[in-house]
**Student:** 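Dropping the structure in here first, questions after.
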Amino acid sequence: MDLDLDRLTTWLGERPVAVTRYPGGQSNPTYRVDLPTCSYVLRRKPFGVLLPSAHAIEREYRLIAALHPTGYPVPRPVGLCEDAAVIGAPFYLMERVAGRTIWNGAMPDLSPDARRAHYEAMVDALAALHAIDPVAVGLGDYGKPGNYFERQVARWTRQYRASQTDDLADVERLIEWLPRTVPTQDRVAIVHGDYRIDNLIFAEDGAQVAAVLDWELSTLGDPLADFTYLLMNWMTPADGRSGIAGLSGGDSGIPTMDAVVARYCTATGRDGVPGLDWYFAYNLFRLTGIVQGIKQRVRDGNASSAQAARMAERVPELAAAAWRFAEQVGA
């Protein structure tokens with residue numbers, strides 16, 4: 001265990017019965033902390049030197065503290081510790097929400113009706129997030145003004161440059177092309193930033209979303225960023241993770257992309273979603289920047305997951321896929 005339990009005990013006021021590190025999480029290490037009367041989840045920043053603005057657990061805590069009173073499905077916040085001297089890095093505690101984590105978007109253990117219900121619940125929870133007024137919940141200053149995609153392209157370009165290890169022609173093309181072709185923005189909402197099936201906890205006995213987790217990348221921005229990121233699952237190969245390319249429709253129970261778009265648009269009052277290829281190129285470019293950061297942390301020795309090294313090798317593949325979508329736009 002890489003936590004100083006004595007120091008954590010002093011901060012908590014009582015000694016944990018058990019502390020277990022969760023196996024997932026490419027970014028912020030996450031632990032289950034069992035106390036004699038309750039269980040918490042602890043999320044901390046990685047140890048060592050970090051990229052600017054990365055691993056923003058303070059923002060995560062502020063976000064769930066703002067959303068929890070509204071009834072939106074997030075864990076109850078317990079406490080934030082910004083003093084790195086306590087366990088070696090800033091961290092926060094939240095309640096542990098009982099339920100199920102689904103890692104495989106194909107949901108092989110569920111019936112077709114159950115698959116459909118889970119996907120519809122996932123879309124509905126995202127639409128509900130985008131319907132929350134940021135100002136009304138005290139998050140009016142949670143993001144910068146202006147075009148969200150323009151800011152994000154600039155941010156992930158900086159993040160990529162700060163952790164760059166190789167020269168990739170596809171990345172350089174994207175860095176030049178994306179800023180020139182940013183779509184207009186007509187709405188501002190709370191954006192999760194990494195909305196996918198394994199960042200949700202479903203109820204133990206149904207398809208309801210019991211909790212939305214991992215708000216590290218949350219901000220205010222264009223809700224289409226979240227929604228098109230979710231739609232990427234329908235374009236991603238089915239490999240036991242969130243990708244479900246070729247699995248939707250028919251007797252599978254998994255809604256088609258068109259059905260998901262229609263459900264989200266009905267819930268959010270949209271007439272439709274514009275051409276998706278630009279958004280897919282952007283989402284893959286952003287993911288390239290995220291994975292490049294993981295690759296740098298692997299080299300620095302402070303990656304937070306045993307799967308990080310394997311993940312890090314995907315940078316060229318992700319960049320190439322992003323550029324293919326850009327070419328479909330006419331790049």
Side-chain angles (χ1 to χ4, degrees), residues 67 70-74 102 105 107 112-137 139 142-143 146-152 178 181-200 202 207-209 212 215 217-236 242-250 252-284 286-287 325-326 328-329:
L67 291 185
T70 72
Y72 189 78
V74 292
I102 298 177
M107 304 182 190
D113 286 345
R115 290 182 196 130
R116 180 178 297 105
H118 280 75
Y119 271 98
E120 289 177 349
M122 181 161 50
V123 174
D124 292 348
L126 184 61
L129 172 67
H130 294 162
I132 294 172
D133 179 357
V135 175
V137 297
L139 295 174
Y142 196 65
N147 186 288
Y148 171 78
F149 286 111
E150 186 176 88
R151 299 197 312 272
Q152 287 292 296
L178 285 167
T181 55
V182 170
T184 57
Q185 177 176 333
D186 61 3
R187 300 189 186 190
V188 175
I190 299 169
V191 174
H192 179 278
D194 195 14
Y195 194 83
R196 61 177 195 262
I197 195 166
D198 53 302
N199 277 335
L200 308 180
F202 289 94
Q208 297 81 13
V209 175
V212 181
W215 295 85
L217 298 175
S218 61
T219 187
L220 300 186
D222 193 327
L224 287 180
D226 269 347
F227 184 57
T228 58
Y229 181 75
L230 176 62
L231 292 182
M232 288 296 302
N233 294 328
W234 277 257
M235 308 295 293
T236 304
S242 57
I244 52 171
L247 299 184
S248 64
S252 71
I254 299 174
T256 63
M257 184 187 295
D258 287 344
V260 167
V261 170
R263 188 177 186 91
Y264 177 81
C265 288
T266 297
T268 57
R270 288 183 177 272
D271 294 331
V273 176
L276 293 172
D277 288 334
W278 189 94
Y279 296 94
F280 289 162
Y282 157 77
N283 279 305
L284 285 166
R286 175 175 168 271
L287 190 55
F325 280 114
Q328 293 183 46
V329 178

**Student:** Quick one, Arg270 with Arg187, criterion side-chain contact (heavy atoms from CB on, under 4.5 Å). Give me CA distance, side-chain angles, the key distance, then yes/no.
**Tutor:** CA-CA 11 Å; Arg270 288 183 177 272; Arg187 300 189 186 190; 3.4 Å; yes
**Student:** Tell me every residue that passes side chain to side chain donor-acceptor pair (under 3.5 Å) with Thr219, counting only those two or more places apart in sequence or in another chain.
**Tutor:** none
**Student:** Report the C-alpha distance between Leu126 and Met122 in whole Å, list the side-chain angles of each, state the deciding distance to 0.1 Å, and finish with yes or no for side-chain contact (heavy atoms from CB on, under 4.5 Å).
**Tutor:** CA-CA 6 Å; Leu126 184 61; Met122 181 161 50; over 6 Å; no
**Student:** In chain order, what residues pass the ring-ring contact (aromatic ring centres under 6.0 Å, His included) check against Phe325, with sequence neighbours excluded?
**Tutor:** Phe280
**Student:** Among Val191, Val135, Val188, which residue meets the side chain to side chain contact (heavy atoms under 4.5 Å, CB included) test with Leu220?
**Tutor:** Val188
**Student:** Could you pull out the closest heavy-atom pair between Gly221 and Tyr148, with the gap in Å?
**Tutor:** CA-CD1, 3.4 Å
**Student:** Find out whether Leu67 and Leu129 are in side-chain contact, i.e. whether some heavy atom of one side chain is under 4.5 Å from a heavy atom of the other.
**Tutor:** yes
**Student:** Any salt bridge (charged side-chain N to carboxylate O under 4.0 Å, His left out) involving residues 219-234? Give me the pairs, sequence neighbours left out, ordered by first then second residue.
**Tutor:** none
**Student:** Please check: side-chain N/O of Asn283 versus main-chain N/O of Tyr279, any donor-acceptor pairing under 3.5 Å?
**Tutor:** yes
**Student:** For Asp133, enumerate each residue passing the salt bridge (charged side-chain N to carboxylate O under 4.0 Å, His left out) test, keeping only those at least two apart in sequence or located in another chain.
**Tutor:** none
**Student:** Got a second to check how far Ile197's CD1 is from Ile102's CD1, nearest 0.5 Å?
**Tutor:** 5.0 Å
**Student:** Testing Phe227, Tyr119, Tyr229 for ring-ring contact (aromatic ring centres under 6.0 Å, His included) with Trp234, which one passes?
**Tutor:** Tyr119
**Student:** What's the separation between atom NE2 in His192 and atom CG in Leu200, rounded to the nearest 0.5 Å?
**Tutor:** 7.5 Å
**Student:** Under the side chain to side chain donor-acceptor pair (under 3.5 Å) rule, collect the residues that match up with Thr268, sequence neighbours excluded.
**Tutor:** none
**Student:** Of all residues at least two apart in sequence or in a different chain, which pass the side-chain contact (heavy atoms from CB on, under 4.5 Å) check with Ala207?
**Tutor:** Ala117, His118
**Student:** Tell me, please, which residues at least two apart from Ser252 pass side-chain contact (heavy atoms from CB on, under 4.5 Å).
**Tutor:** Ile254
**Student:** What pairs with Asn233 under side chain to side chain donor-acceptor pair (under 3.5 Å), at least two apart in sequence or on another chain?
**Tutor:** Ser242
**Student:** Is any side-chain heavy atom of Val137 closer than 4.5 Å to a side-chain heavy atom of Thr70?
**Tutor:** yes
**Student:** Which heavy atom of Ile190 sits nearest to which heavy atom of Pro134, and what is that distance?
**Tutor:** CG1-CG, 4.0 Å
**Student:** Any heavy-atom pair between the side chains of Met107 and Ile244 that's under 4.5 Å?
**Tutor:** no
**Student:** Would Thr228 and Tyr282 satisfy side-chain contact (heavy atoms from CB on, under 4.5 Å), going step by step from the backbone distance to the final call?
**Tutor:** CA-CA 10 Å; Thr228 58; Tyr282 157 77; 5.7 Å; no
**Student:** Yes or no on side-chain contact (heavy atoms from CB on, under 4.5 Å) for Leu276 and Met257, after CA distance, side-chain angles and deciding distance?
**Tutor:** CA-CA 11 Å; Leu276 293 172; Met257 184 187 295; 3.8 Å; yes
**Student:** First locate atom OG1 of Thr266, then atom CG of Asp271, and finally report the distance between them rounded to the nearest 0.5 Å.
**Tutor:** 10.5 Å
**Student:** Under the side-chain contact (heavy atoms from CB on, under 4.5 Å) rule, collect the residues that match up with Val123, sequence neighbours excluded.
**Tutor:** Leu230, Val260, Arg263, Tyr264
**Student:** Test of understanding: with side-chain contact (heavy atoms from CB on, under 4.5 Å), list the residues that count as partners of Val182, not counting sequence neighbours.
**Tutor:** Asn147, Phe149, Glu150, Trp278
**Student:** Using every non-hydrogen atom in the two residues, find where Pro255 and Ser248 come nearest and quote the distance to one decimal.
**Tutor:** O-CB, 3.3 Å
**Student:** For Asp113, give me all partners under side chain to side chain donor-acceptor pair (under 3.5 Å), at least two apart in sequence or on another chain.
**Tutor:** Arg116
**Student:** Could you report the tightest heavy-atom contact between Ala245 and Met235, atom names first, then the distance?
**Tutor:** CB-C, 4.0 Å
**Student:** Looking at Tyr142 and Ser218, what are the two nearest heavy atoms and their distance?
**Tutor:** OH-OG, 2.7 Å
